[in-house]
S.K.: 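Dumping the structure here so I can ask a few things about it.
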2 protein chains.
Amino acid sequence: MNAAPASARNDKPAVVAAAMRVLAESGLPGLSMRRIADELDVQVSALYWHFPNKQALLAAVSAQIVGSGSVPDEMDAAARALRDRLLAHQDGAEIVSSSLALGLLELPARTALVAAARQAGLTDAAAEVAADTIVHYVIGYTFHEQQRLHAAVVGAADASVDLVPDAAGERRGDFDAGLAMIVAGVQASVAVS
Amino acid sequence: MNAAPASARNDKPAVVAAAMRVLAESGLPGLSMRRIADELDVQVSALYWHFPNKQALLAAVSAQIVGSGSVPDEMDAAARALRDRLLAHQDGAEIVSSSLALGLLELPARTALVAAARQAGLTDAAAEVAADTIVHYVIGYTFHEQQRLHAAVVGAADASVDLVPDAAGERRGDFDAGLAMIVAGVQASVAVS
DNA sequence: ACCTGAACACCGTTCAAGT
DNA sequence: ACCTGAACACCGTTCAAGT
């Protein structure tokens, strides 16, 4: 009953893999159903056998981006792990953001953040708020950063020098500084409750 | 020299006003150049006399959304004022987010936040980080919230009951709770520096 | 189970030409 | 100064039909 079919065609993971390749090459603006179909040497309509619509396909891409492995159990480490995942793919933050908002994606990092906040002494409800606050910050910050990269590419000879100062160096510092403020606030909220 | 022209045609503010009407009626997905042109009884190509491209038009819409008036000078009040502006327009957070990331928009609330953070005792650099952290949180949170509204409209008979619990009530509380954590963290960072 | 081919109803942008 | 008309190169989605 597990006999290999006569002609091996595409399955869901193959479609997602093709989408990841297109994303790496052309970013989110280039990630059209037609480009993905081309990558598989297939008609566009074939994709709709595997996924009901583009958003569902993007949700599968998002799941690939954020991964399913384990996440560090400290708050700042978990936040940075999420950020690194997003940064590892072009427009990663934007894709994940929309899948998340549509309720089509589970975030392993969020689960880890809730646990860490609880361990720090927050009530269950406060831990959820803290986790969401940090997730919003990470995604918002990284989204903004990745879109600036786009703008910089478009306006090559632009005065965008001061917008993207020394590339990764300073930005990582700012991200960490902001994150530290939030984490401090979360810990401070234990005293209040 | 200020004589009224024979036939009064459209100017930039009129185009922006038309775009705001379309946005109110159909949201960001419906905000196409063609729909805006229709609203003005004009050909699409006419819009390109007023704006070089759609992003520039969206930046003008964003400026209208965030306003130019004065902003409360306390940190949490300034953050809530920004949030209220975004919530007052369909997909306000998404539109503003992309204009901001592209460097096409000034945020009055950000200026107020920097000033408030400085007054709280932060260094100039730390005050900028604090302001950006809060702005990212506000936009990220509101973006997420507004996209859920979309999803709820699309899946009317859905099990989206637990995703949008009691509408505004609980959400406002969660937003404020998260904001309070960040503000506490910002104030805590004064001791460190 | 997976795909083709063709169509539908859209997009943003450009450009010569008009008044 | 502001607009028309037509075109270009795209989109996501649907659907009957094939193997």
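Here the structure is a predicted model, which means the values were calculated and not measured. Chain A is the first sequence line, chain B the second, and so forth, proteins listed ahead of strands; every chain is numbered from 1.
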S.K.: Tell me which nucleotide among D:dT13, C:dG18, C:dC2 gets nearest to the side chain of A:W49.
M.R.: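 The answer is C:dC2, which lies nearest to the side chain.
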
S.K.: Starting the side chain at C-beta, find the nucleotide from C:dT4, D:dT13, C:dC11 nearest to A:Y48.
M.R.: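 Closest nucleotide to the A:Y48 side chain: D:dT13.
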
S.K.: From the list C:dA1, D:dA1, C:dT13, which nucleotide is the closest neighbour of the side chain of B:R34?
M.R.: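 Given the options C:dA1, D:dA1, C:dT13, the side chain of B:R34 is closest to C:dT13.
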
S.K.: Under 3.5 Å, is there a donor-acceptor pair between the side chain of A:Y137 and the main chain of A:F175?
M.R.: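 Yes.
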
S.K.: Send over the distance from A:H50 NE2 to C:dC2 C1', rounded to a whole Å.
M.R.: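 Answer to the nearest Å: 6 Å.
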
S.K.: Would you indicate whether the side-chain heavy atoms of A:V138 and A:R80 approach each other to under 4.5 Å?
M.R.: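 Not touching, per the 4.5 Å side-chain cut-off.
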
S.K.: Rounding to an integer number of Å, can you tell me how far A:I36 CD1 sits from D:dC11 C1'?
M.R.: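 Roughly 13 Å, once rounded to whole Å.
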
S.K.: What is the distance, rounded to the nearest whole Å, between atom CG of A:L47 and atom P of C:dG5?
M.R.: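 These atoms are roughly 15 Å apart.
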
S.K.: To the nearest angstrom, how far is A:N10 atom CG from C:dT4 atom C1'?
M.R.: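 Between C1' of C:dT4 and CG of A:N10: 14 Å.
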
S.K.: Please tell me which of the listed nucleotides, C:dT13, C:dA1, D:dA1, lies nearest to the side chain of B:V44?
M.R.: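 The listed nucleotide nearest to B:V44's side chain is C:dT13.
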
S.K.: Would the number of heavy atoms belonging to other residues, nucleotides or ligands and lying under 6.0 Å from CD of A:E74 be above 12?
M.R.: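 Not buried by this count: 12 neighbours or fewer within 6.0 Å.
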
S.K.: Rounded to whole Å, please give me the gap between CG in B:D41 and P in D:dT4.
M.R.: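 Value for this atom pair: 9 Å.
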
S.K.: With both distances kept under 3.5 Å, what pairs with C:dT14, Watson-Crick or G-U wobble?
M.R.: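 Base partner found: D:dA6.
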
S.K.: B:N53 near the nucleic acid: base, sugar-phosphate alone, or nothing, with a heavy-atom cut-off under 4.0 Å?
M.R.: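 Sugar-phosphate only.
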
S.K.: Would you mind telling me which residue lines up with the more 5' stretch of DNA chain D, A:P52 or A:S32, judged by nearest nucleotide?
M.R.: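 Closer to the 5' end of DNA chain D: A:S32.
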
S.K.: Classify the ring geometry of A:H136 against B:H144: parallel below 30°, tilted from 30° to 60°, perpendicular beyond 60°.
M.R.: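 It falls in the perpendicular class, over 60°.
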
S.K.: Taking the minimum atom-to-atom distance to the side chain of A:R35, which one of D:dC11, D:dT4, D:dT19 wins?
M.R.: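 My answer, after comparing the listed nucleotides, is D:dC11.
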
S.K.: Tell me the interatomic distance from B:Q43, atom CD, to D:dC3, atom P, rounded to whole angstroms.
M.R.: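 Distance, rounded to whole Å: 11 Å.
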
S.K.: Whole Å only: how far is the CE atom of B:M33 from the P atom of D:dC3?
M.R.: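 In whole Å, D:dC3 P lies 13 Å from B:M33 CE.
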
S.K.: Specify the separation, in whole Å, of atom CZ of A:F51 and atom C1' of C:dC2.
M.R.: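 Rounding to the nearest Å, CZ of A:F51 and C1' of C:dC2 are 14 Å apart.
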
S.K.: Between C:dA9 and D:dC10, how far apart are the two C1' atoms, rounded to whole Å?
M.R.: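 Straight-line distance between the two C1' atoms is 13 Å.
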
S.K.: What's the closest nucleotide to the B:S45 side chain, out of D:dA7, D:dA6, C:dA7?
M.R.: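 Nucleotide nearest to B:S45's side chain: D:dA6.
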
S.K.: Within the 4.5 Å heavy-atom criterion, are B:Q55 and B:L58 side-chain neighbours or not?
M.R.: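 SC-SC contact between B:Q55 and B:L58 confirmed.
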
S.K.: Taking atom C1' in both C:dC8 and D:dC11, compute the distance separating them and give it to the nearest angstrom.
M.R.: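 The answer is 12 Å between these two C1' atoms.
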
